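Notes for the one structure printed next.
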Amino acid sequence: MAKNRILVAGATLLAAAMALTACGTRAEEGGGGAEGGAGGGGGETKTAVIGVVAPLSGDLAPLGLGIQHSVELAVQQANESGAIPGWTLEVQPEDDQATPDVGRNAATSLSSDADVVAMVGPLNSSVGQAVQPVFDAAGILQVSPANTNPSLTRGANFDTAPERTYPTYFRTCTTDSIQGPFAARYLYETAGITRIATVHDKKAYGQGLVEAFSAEFEELGGEIVAAETINPEDDNFSAVITSVGSGDPEALYYGGEYPQSGPLSQQMKAAGLDIPLMGGDGMYSPEYIELAGEQSEGDLATSVGAPVEDLPSAQQFVTDYEAAGFPDPYEAYGAYSYDAAQAVIEALKVSLPEAETAEDAREATVEAMASVSFEGATGPVAFDEFGDNTTRILTAYKVEGGAWVADQTDEFED
């Protein structure tokens, strides 16, 4: 199965990137690879595929396309450098439409392809829950740059009895067990806010984020004056705004993504509830400001890591991404996706040289991943016994002058 694969090998970075963004697919070529190619020394090269599962259409497509292109960049560079002699890497993107059922189908499609040896994604934690068992059953390594729900690595009882459920699953981002408390400390200790209302979208990411935030905020001495929910497809939030406003909060903390939080902010300001809305990495995007409008000034969001533009370790990634001419920005998870792909490639350097086929290398790739450690675009990348990244740096951003501006970056400590 070679459908939808993106071949990124053996050309200059700019030319190859322009070629892949022009069409995004390649013709059927069979599973045996091509003559020559990066690192092949003129002999026959074998093919190994890294899948990408992310929302490539719909409201969250900007984030998903940033994930896809960042993986493509890492694979392009690996092929050009001959990182794995005798092997050519390809990228096969699958659109999960930010929906668990669609994501599960995408995972099934990828896992049935014998050339697929690893996968980067998805964006949404709810989709992550749906695809984990599919990839695990096939023994395929999965590395998410964006799933933040802690149960994905530590099980349902992550707070009291953490247990790793899927040994094939890793992630380069930090979790809501850290992001929620980080936001609570920022509001209570830095912003001096003691009365909060919360709203979430009932999805795994949004609900988990609000629960982690609320527990820390109350432990600090803050008060949750209202706790409401919405449906992901809602676009009229008047009833929730009325309920939230009756508690006289100083801010609203939202668990979910920007397609809902942007309009929620706009509508609550228009209704006279002129307080800052704060959320997590799912709303840290220029799309949020566009949806929320001018009244979003002063709204807040946390996101994983330090600002990419200010990280010395990320400057080469930013330069290379821009030089590649991708039609979409790398967005909030670009550097984490690039590092996820780099981590996969580091594992493949161990597993592929001794393998006859990509499918033969799946188990060894998972085993090699546990020992991967390198300096990535986002900083040090290594994994603990649960598959979580050992780095726990986050940033609080504020909307100022119509753009997200970093306000505070810290490494979280328990």
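The first residue in the sequence is number 1, and the count goes up from there. On a predicted model such as this, the values are computed, not experimentally measured, just so you know.
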Quiz item: Backbone N or O of P312 within a donor-acceptor pair of the D310 side chain at under 3.5 Å?
Solution: no
Exercise. Assess whether side-chain hydrogen bond (donor to acceptor under 3.5 Å, both in side chains) is satisfied between E72 and Q76, documenting all intermediate values.
Key: CA-CA 6 Å; E72 290 165 357; Q76 166 69 38; over 6 Å; no
Quiz item: Between S265 (side chain) and S261 (backbone), is there a donor-acceptor pair under 3.5 Å?
Solution: no
Quiz prompt | L152 vs R171 side-chain heavy atoms within contact, under 4.5 Å | solution = yes
Quiz item: Would you say N157 and P162 make side-chain contact, with heavy atoms under 4.5 Å?
Solution: no
Quiz item: More than 12 non-hydrogen atoms from neighbouring residues, nucleotides or ligands closer than 6.0 Å to CD on E218, yes or no?
Solution: yes
Quiz item: Under 30°, 30 to 60°, or over 60°: which ring-plane class applies to Y253 and F213, parallel, tilted or perpendicular?
Solution: parallel
Self-check item: Separation between CD of E257 and CG of L123, rounded to the nearest 0.5 Å
Solution: 6.5 Å
Quiz item: Between E331 and S285, do the side chains contain an N or O donor and an N or O acceptor separated by less than 3.5 Å?
Solution: yes
Quiz item: If only atom types and distance count, is the side chain of D328 paired as donor or acceptor with the main-chain N or O of L65 below 3.5 Å?
Solution: no
Practice problem: For atom CD of Q267, decide whether the heavy atoms of other residues, nucleotides or ligands shown that lie under 6.0 angstrom number more than 12. | Solution: yes
Self-check item: Verdict with reasoning, T190 to Q408, per side-chain hydrogen bond (donor to acceptor under 3.5 Å, both in side chains)
Solution: CA-CA 9 Å; T190 302; Q408 180 177 311; 3.1 Å; yes
Quiz item: Nearest 0.5 Å, what's the CG-CD distance between L277 and Q266?
Solution: 12.0 Å
Self-check item: D234 side-chain N/O to N231 backbone N/O, donor-acceptor pair under 3.5 Å
Solution: yes
Practice problem: Check the side chains of T172 and D339 for a donor-acceptor pair under 3.5 angstrom, ignoring hydrogens and angles. | Solution: no
Quiz prompt | Q315 side-chain N/O to L311 backbone N/O, donor-acceptor pair under 3.5 Å | solution = yes
Self-check item: Check: V52 and Q92 side chains under 4.5 Å, non-hydrogen atoms
Solution: no
Practice problem: Could you tell me the separation between the CG atom of L264 and the CD1 atom of I230, rounded to the nearest 0.5 Å? | Solution: 6.5 Å
Quiz prompt | Verdict with supporting geometry, F374 and Q342, side-chain contact (heavy atoms from CB on, under 4.5 Å) | solution = CA-CA 9 Å; F374 64 98; Q342 294 285 20; 3.8 Å; yes
Exercise. Answer yes or no: does atom CD of E309 have more than 12 heavy-atom neighbours from other residues, nucleotides or ligands under 6.0 Å?
Key: yes
Exercise. I would like to know whether M119 and L110 meet side-chain contact (heavy atoms from CB on, under 4.5 Å); could you show each step before the answer?
Key: CA-CA 8 Å; M119 189 282 280; L110 285 171; 4.1 Å; yes
Quiz item: Between R185 and D410, does at least one N-O distance fall below 4.0 Å, as a salt bridge requires?
Solution: no
Practice problem: Verify salt bridge (charged side-chain N to carboxylate O under 4.0 Å, His left out) between R154 and D159, making sure each step is shown before the conclusion. | Solution: CA-CA 8 Å; R154 299 175 181 239; D159 275 337; over 6 Å; no
Exercise. Give a yes or no answer on whether the side chain of Y338 reaches the backbone of T378 with a donor-acceptor pair at less than 3.5 Å.
Key: no
Quiz item: Just wondering, are more than 12 heavy atoms of other shown residues or ligands nearer than 6.0 Å to CD in E363?
Solution: no
Quiz item: When rounded to the nearest 0.5 angstrom, what distance separates CE in M369 from OH in Y169?
Solution: 11.5 Å
Exercise. Measure the acute angle between the ring planes of Y321 and F326, then classify it against the limits of 30° and 60° as parallel, tilted or perpendicular.
Key: tilted
Quiz item: Would you say the side chains of E211 and Q207 form a donor-acceptor pair under 3.5 Å?
Solution: yes
Quiz item: Can you check side-chain contact (heavy atoms from CB on, under 4.5 Å) on V199 and L252, steps first, answer last?
Solution: CA-CA 7 Å; V199 176; L252 186 151; 4.0 Å; yes
Self-check item: Any donor-acceptor pair under 3.5 Å from S70 side chain to G334 backbone
Solution: yes
Exercise. For the residue pair Y397 and W404, categorise the inter-ring angle as parallel (less than 30°), tilted (30 to 60°) or perpendicular (more than 60°).
Key: perpendicular
Quiz prompt | Under 3.5 Å side-chain donor-acceptor pair for N389 and Y336 | solution = no
Exercise. Over all heavy atoms of both residues, which pair between T229 and V240 is shortest? Give the atoms and the distance, please.
Key: O-CG2, 3.8 Å
Quiz item: Can you tell me if T47 and D115 form a side-chain donor-acceptor pair at under 3.5 Å?
Solution: no
Quiz item: Of the non-hydrogen atoms in V366 and I140, which two are nearest, and what is the gap between them?
Solution: CG2-C, 4.4 Å
Quiz prompt | Greater than 12 external heavy atoms within 6.0 Å of E385's CD | solution = yes
Quiz item: Rounded to the nearest 0.5 Å, what separation is found between the CD atom of E250 and the CD1 atom of I193?
Solution: 6.0 Å
Quiz prompt | Short N-O contact, R164 and D384, less than 4.0 angstrom | solution = no
Quiz item: Do Q142 and T168 have side-chain N/O donor and acceptor atoms under 3.5 Å apart?
Solution: no
Quiz item: Any side-chain heavy atom of T174 within less than 4.5 Å of one from T391?
Solution: no
Quiz item: Are D299 and S296 linked by a side-chain donor-acceptor pair shorter than 3.5 Å?
Solution: no
Exercise. For the residue pair V117 and L348, establish whether any side-chain heavy-atom pair is separated by less than 4.5 Å.
Key: yes
Quiz item: Rounded to the nearest 0.5 Å, how far does CD of E233 lie from CG of D201?
Solution: 10.0 Å
Quiz prompt | Donor-acceptor contact present, side-chain N124 to main-chain Y205, <3.5 Å | solution = no
Self-check item: Presence of salt bridge, E297 and K398, under 4.0 angstrom
Solution: no
Exercise. Could you please spell out the steps behind the side-chain contact (heavy atoms from CB on, under 4.5 Å) verdict for V49 and V91?
Key: CA-CA 6 Å; V49 174; V91 176; over 6 Å; no
Practice problem: Would you mind reporting whether D235 and P263 have side-chain heavy atoms less than 4.5 Å apart? | Solution: no
Quiz item: Does S313 reach the main-chain N or O of A377 with its side chain, forming a donor-acceptor pair under 3.5 Å?
Solution: yes
Practice problem: For residues T302 and M278, determine if any side-chain heavy atom of one lies less than 4.5 Å from a side-chain heavy atom of the other. | Solution: yes
Quiz item: Is S303 close to L394 at the side-chain level, that is, under 4.5 Å between some pair of heavy atoms?
Solution: no
Quiz item: If we ignore angles and hydrogens, is there a donor and acceptor under 3.5 Å between the side chains of D407 and Y186?
Solution: yes
Quiz item: Does K46 reach the main-chain N or O of T357 with its side chain, forming a donor-acceptor pair under 3.5 Å?
Solution: no
Quiz prompt | T99-D101 side chain donor-acceptor pair, cut-off 3.5 Å | solution = no
Exercise. Run the ring-centre check on F317 versus Y330 and record whether the distance is less than 6.0 Å.
Key: yes
